[in-house]
Each structure stands twice: as structure tokens, then as C-alpha cells.
Amino acid sequence: MTGQVLDTPLTRLTGVRHPIVQTGMGWVAGPRLVTAVANAGGLGVLASATMTVDRLATAIREVKDRTDAPFGVNLRADAADAGERIDLIVKEGVRVASFALAPKRELIARLKDEGVVVIPSVGARRHAEKVAGWGADAVLVQGGEGGGHTGPVATTLLLPQVVDAVDIPVIAAGGFFDGRGLAAALAYGAAGVAMGTRFLLTADSSVPDAVKSVYLGAAETVVTRQVDGLPHRVLRSDLVDGLERSGRVTGLVRAVRNAARFRRISGMSWRAMLADGRAMRHGRDLSWSQVLMAANTPMLLRAAMVDGRPDLGVMASGQVVAVIDDLPTCAELIGRIVREAAEAIAAQQSMIVRG
């Protein structure tokens, strides 16, 4: 644990020691990784979208048994059982609820009434303005460099727009992996940074070693719509190239099969899955074919992140993968980032000439 501390609105809001967030990556951000991040002074976030409610309850209790530090849970705002998951978060005293999509005003109010910090993720200034107006405590803004679902605007352009537009803490995501990036984000006016790929590639990540090796050897990512119909940044692979060449009918057949597999693993009923599909279609303005394609995401990610079969799955990744070459523990990584950031800030301050 580093002895240096960067005090920002994010650390004061959430109670963590360092302004560094580990994002809620499906199949990756489980109790092991979240605990390691929390004990290292960052904000670890459990990914609940790929968990049943019962499994989420178990995961929350596992983290609480291993650390007294604050942590969060990432939720799908459009999930049919979002209310049940929020009840669980409140009951278990989870400090932070983060959202991959903007939650409804009512969900924000409900969580805030119970003292839970609400942090939605956004990819556009107007979305940040909306959730800020609804009472969100902070907002995570991801630029196009980030992995998974992503947008076309670079972090260096999107971040200052959002910082200027809202009066709540802004967390920068997309392209961060070291202390220089944290110092740069703070200079832009952010309250901290969030990282996914960098935490996936740590010794504390449960991702199979064979898959981590693929990431460490990767030099290129690609944004594809063939995974679930939305822009998705992943590692380029033979599977992804095959998906890019496949036709619409082939993609829909594959999606239906993956939906059936996910239903068996998750324990969800077809009725619940259809309810989620309707909510997703409305919340993201998708066609029914895109909703069907979205069934690909959890199973194609699981094949790599859980089963250790990168040849059969997709690997979400930010562009920073090309400059990552080690697997530190979360404590080593966070300590290094904070130390580097403090050094970068001190160096910049030494350039100020008064007179």
C-alpha cells in the first residue's frame, strides 16, 4: 500500500483511499478481484449482470467477509429484476451502485434515499447532463478507447466536455493504465479514473492464464457490431473476423442458441429473458434483431473469461492492451499508479514560474 494519497471529490464521496475505480466487467469482476482492489484502496465494483440474484447475494457477502473497505455493484438499469437487486444492495449496505446505462430517475432517488452512492456510466455529454439533473452523485464517462460497448469520441475530447457540463464528480475511463494518465485526468478536472483492461490483467484477476497470455501478446483491437448489434471493442481474433464475415441469418441463429445457453446457466426463465429483452429494446432503442443478437454477449465473453477458450469466445479490451506487459497484484498496480501520478503532478508544479 502506498503512503501517498490523492484527495479528490471521488475519494471523499465513496470513502476509498485512492481515486481509482475497477469497472464492473461481466465474468471478470467477481469477489476475488473486487476484494483485492478494495484492500488496495481503490473502488472495486462487482459485475452483477452475469449473476443471478442469489449469486449476487453470495458474492456481496464474500467481499464483505474479506474486506471492510467500500465497494460497489454494477447493475443493468433495464433488467426486469433491477428492483430486487437494489433491495439486496440496500440490505447488505453496499456503498456504491454503478450502472452501465442511465438508470431511471426513480431508481436514483430510491438508492439515494437509502444512502447509496449512484454512479451511472455515459458516453455522451447530454447523457451526463440528464443523470446529473436526476440526482446522480457522480458520473463515469468512457471515451472511444475503452473496451466493451464504446462510442466514437476520444476520451480527451469527451472528458472536458462532461467536466464543463456538470457539477458532480466525473470519473474518466477509456485509455487509462498508469499514473501519468491519472494525473492527466485530474488536470482535465476529473475526480479519478476507471480501468477495466488494466485490472483484468492483474495477478488477482480470475481470468484464466491462457487468456491473459493472449491479451499480453495482443497489439490490436477492433470495434465490431457482430457480437450484439452495438459497437463493441474487442481483441481481433479469428473468431471475430469470422463474425464480421457472417450474414444476418447466421448471426440470429447463433444468438438464439446462445440465449438458450445463457438461460440454462443463469437460471432465468424464458419469460424473464423476454422481459429483459423488451426493457433493453426500449431503453436502447434497438430492433428485435439487435435484441436477439445481444444474447451473444454473455456467452461469447464467458467462453474466454471463464472457460479459458479464447478460440471460442470474444475478449473485450481497451486499446491500452497494446502497452500492457505485466501482471502485477492490484496492490502493486494501485500503489504504482498513485506514486507515478504524484510524481507527475509534482513535476508539472515545478514548471510554474511566478513573477
Side-chain angles (χ1 to χ4, degrees), residues 2 18-47 50 71 74 140 142-150 155 171-182 185 192-223 232-237 239-240 300-341:
T2 176
H18 304 302
I20 298 172
V21 179
Q22 161 254 305
T23 59
M25 299 166 282
W27 305 116
V28 176
R32 174 174 152 183
L33 180 59
V34 170
T35 300
V37 172
N39 283 331
L43 179 63
V45 180
L46 281 169
T50 51
F71 66 96
N74 183 259
L140 188 155
Q142 177 176 306
E145 301 94 324
H149 292 128
T150 193
T155 303
I171 304 163
F176 297 99
F177 65 99
D178 66 0
R180 294 170 298 175
L182 173 56
V193 297
M195 305 183 298
T197 306
R198 178 63 274 196
F199 278 114
L200 184 155
L201 291 173
T202 59
D204 297 306
S205 163
S206 61
V207 171
D209 289 342
V211 177
K212 289 180 183 178
S213 294
V214 174
Y215 273 92
L216 290 176
E220 185 179 9
T221 63
V222 61
V223 177
H232 205 112
R233 185 177 294 284
V234 299
L235 293 185
R236 180 178 287 281
S237 67
L239 175 66
V240 172
L300 289 176
L301 290 171
R302 186 182 192 277
M305 303 305 159
V306 178
D307 300 336
R309 293 295 305 272
D311 55 322
L312 299 179
V314 297
M315 293 163 282
S317 176
Q319 289 182 310
V320 296
V321 70
V323 294
I324 295 174
D325 60 6
D326 63 349
L327 296 171
T329 66
C330 289
E332 290 168 344
L333 175 64
I334 290 177
R336 184 170 76 198
I337 289 174
V338 173
R339 182 176 63 254
E340 290 172 349

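The figures here come from the full heavy-atom set of this structure, side chains too, leaving out hydrogens, waters and symmetry mates.
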From CA spacing to verdict: side chain to side chain contact (heavy atoms under 4.5 Å, CB included), V37, L43: CA-CA 6 Å; V37 172; L43 179 63; 5.8 Å; no
Flag side-chain contact, heavy atom, 4.5 Å: L182 against E340: no
Pairwise distance CG(N74) to CD(Q22) - rounded to 0.5 angstrom: 10.0 Å
Qualifying side chain to side chain donor-acceptor pair (under 3.5 Å) pairs with a residue from residues 171-182, counting only residues at least two apart or across chains: D178-R180
Under 3.5 Å: donor-acceptor pair, side chain of Q142, backbone of H149: yes
With A316 via side-chain contact (heavy atoms from CB on, under 4.5 Å) - residues at least two apart: H232, L301
Side chain T202, main chain F199, donor-acceptor under 3.5 Å: yes
For the student: nearest non-hydrogen atoms of M195 and F177, plus distance: SD-CA, 3.7 Å
Point-to-point distance, once rounded to the nearest 0.5 Å, from OG1 of T23 to CG of L140: 8.0 Å
Verdict with supporting geometry, L312 and D307, side chain to side chain contact (heavy atoms under 4.5 Å, CB included): CA-CA 9 Å; L312 299 179; D307 300 336; over 6 Å; no
Any donor-acceptor N/O pair, T35 side chain to P31 backbone, under 3.5 Å: yes
Flag, side chain of T150 to backbone of G144, donor-acceptor distance under 3.5 Å: yes
Listed once per pair and sorted, the salt bridge (Lys or Arg N to Asp or Glu O under 4.0 Å) pairs that draw on residues 23-42, sequence neighbours left out: none
Flag side-chain contact, heavy atom, 4.5 Å: V314 against S237: no
Euclidean distance, C330 SG relative to L33 CG, rounded to 0.5 Å: 5.0 Å
Rounded distance [0.5 Å steps], CZ in R339 versus CD1 in I334: 12.5 Å
Minimum side-chain heavy-atom gap H18-I337 below 4.5 Å: no
R302 side chain near T50 side chain, heavy-atom distance below 4.5 Å: no
For the student: nearest non-hydrogen atoms of L201 and Y215, plus distance: CD2-CB, 3.6 Å
Which atom of G308 lies closest to which atom of P208, heavy atoms considered: CA-CG, 3.6 Å
Test side-chain hydrogen bond (donor to acceptor under 3.5 Å, both in side chains) applied to T155 - qualifying residues, sequence neighbours left out: E145
Heavy-atom pair of closest approach, residues V234 and V240: CG2-CG2, 3.8 Å
Side-chain donor-acceptor pairs of residues 320-328 under 3.5 Å, sequence neighbours excluded:
{"residue": "D326", "atom": "OD1", "partner": "R198", "partner atom": "NH1", "Å": "3.0"}
{"residue": "D326", "atom": "OD1", "partner": "R198", "partner atom": "NH2", "Å": "3.3"}
{"residue": "D326", "atom": "OD2", "partner": "R336", "partner atom": "NH1", "Å": "3.0"}
{"residue": "D326", "atom": "OD2", "partner": "R336", "partner atom": "NH2", "Å": "3.3"}

Pairs touching residues 199-221 that satisfy salt bridge (Lys or Arg N to Asp or Glu O under 4.0 Å), sequence neighbours left out: E220-R236
OG1 on T197 to CZ on F176, rounded to 0.5 Å: 13.0 Å
